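The structure under discussion appears below in the form of structure tokens.
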Amino acid sequence: DSSFSGSKSAFGGAGSQAGGAGTIYTNYGGAAHGDLLIDNNSLSNAYAATPQVAGTTERYGTVTVTRNALYVIPDTSIITVDNSLTANANTGAITINAGGTLNLPATWTGSYLILTNNGAVGTVEHLSLSNAAIYQNGTLPNLTDLTIGTSSVFEFQNLNASTPFT
């Protein structure tokens, strides 16, 4: 319930190789789509992957990727974020594998996130970056406006005549 005031955490164990980030799903007050927290507690296994289940379609109000977490959207998988996708202080990363799709709000500002797009970032039309990085290998089929702000990177990778930017 929304009156919970304690902290939430879920992260991989700290054996000889720490595990990937854990996930926490919350839905307060019967919202249409709950929120997803992907948190690796800043473990030293920087960006050990936490994959979405292959072949699934998921939808959330808000997704937060933080403290060395890496969320992977595999081939044939789709995740839709209705309100916001956030990260904290450049310690959250998302990789969209070829054949995977990340749907964002039509207007989205990426802050403190590292996004590697090998698949598709659908639905976003107006994209702004602030202290963020996008490594672009896939498609952004609906993008009409791009603003690259302070300390941000938008890098085309593997761009050539046979793989144009779309």
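If you're wondering where the values come from, they're calculated on a predicted model, not measured in any experiment.
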[X] [atom1] to [Y] [atom2] distance, which is reported to the nearest 0.5 Å:
X      : Y      : atom1 : atom2 : answer
Tyr60  : Thr26  : OH    : OG1   : 10.5 Å
Glu58  : Ile79  : CD    : CD1   : 5.5 Å
Gln157 : Gln136 : CD    : CD    : 9.0 Å
Leu113 : Ser152 : CG    : OG    : 10.5 Å
Leu129 : Ile148 : CG    : CD1   : 6.0 Å
Tyr135 : Phe154 : OH    : CZ    : 12.0 Å

Given side chains that start at C-beta, do those of [X] and [Y] come closer than 4.5 Å, heavy atoms only?
X      : Y      : answer
Thr116 : Ile94  : no
Gln52  : Tyr71  : yes
Thr66  : Ile38  : no
Val81  : Val63  : yes
Leu140 : Ile134 : no

Smallest separation among heavy atoms of [X] and [Y], with atom names:
X      : Y      : answer
Ala21  : Thr50  : O-OG1, 2.6 Å
Tyr112 : Ala87  : O-CB, 2.8 Å
Ser77  : Val53  : OG-O, 3.3 Å
Asn27  : His33  : ND2-C, 4.3 Å
Gly110 : Ala132 : O-CB, 3.4 Å

task: Give every residue pair that meets the salt bridge (charged side-chain N to carboxylate O under 4.0 Å, His left out) criterion with at least one member in residues 141-150, sequence neighbours excluded.
output: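 Every pair satisfying salt bridge (charged side-chain N to carboxylate O under 4.0 Å, His left out) with a residue in residues 141-150: there are none.
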
query: Does any pair with a residue in residues 112-130 pass salt bridge (charged side-chain N to carboxylate O under 4.0 Å, His left out), and if so which ones, sequence neighbours excluded?
result: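 Every pair satisfying salt bridge (charged side-chain N to carboxylate O under 4.0 Å, His left out) with a residue in residues 112-130: there are none.
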
- prompt: Could you walk me through whether Asn137 and Asn118 pass the side-chain contact (heavy atoms from CB on, under 4.5 Å) check?
  reply: CA-CA 5 Å; Asn137 302 297; Asn118 299 310; 2.7 Å; yes

- prompt: Checking side chain to side chain contact (heavy atoms under 4.5 Å, CB included) against Thr62, which of Asn83, Leu85, Leu36 comes through?
  reply: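 With Thr62 as partner, Asn83, Leu85, Leu36 yield a single side chain to side chain contact (heavy atoms under 4.5 Å, CB included), made by Asn83.
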
field: Candidates Leu115, Thr123, Val124, Asn117 - the one meeting side chain to side chain contact (heavy atoms under 4.5 Å, CB included) with Leu102
entry: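 The option that passes is Leu115.
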
- prompt: Hey, are Asn40 and Arg67 close enough side-chain-wise for a donor-acceptor pair under 3.5 Å?
  reply: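 Distance-only check fails for Arg67 and Asn40.
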
task: Ignoring hydrogens and angles, state whether a donor on the side chain of Asn97 or Asp75 is under 3.5 Å from an acceptor on the partner side chain.
output: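 Their side chains do not contain a donor-acceptor pair, so the 3.5 Å distance test is not met.
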
task: Kindly indicate, with the supporting measurements, whether the criterion side-chain contact (heavy atoms from CB on, under 4.5 Å) is fulfilled by Asn131 and Ser151.
output: CA-CA 5 Å; Asn131 296 296; Ser151 301; 3.1 Å; yes

message: Quick one, Thr101 with Ile73, criterion side-chain contact (heavy atoms from CB on, under 4.5 Å). Give me CA distance, side-chain angles, the key distance, then yes/no.
response: CA-CA 7 Å; Thr101 301; Ile73 303 166; 6.0 Å; no

message: Clusters formed by hydrophobic residues whose side-chain heavy atoms approach within less than 4.5 Å: which one holds Leu37, and what are its other members?
response: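 Noted: Leu37 shares its cluster with Ile24.
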
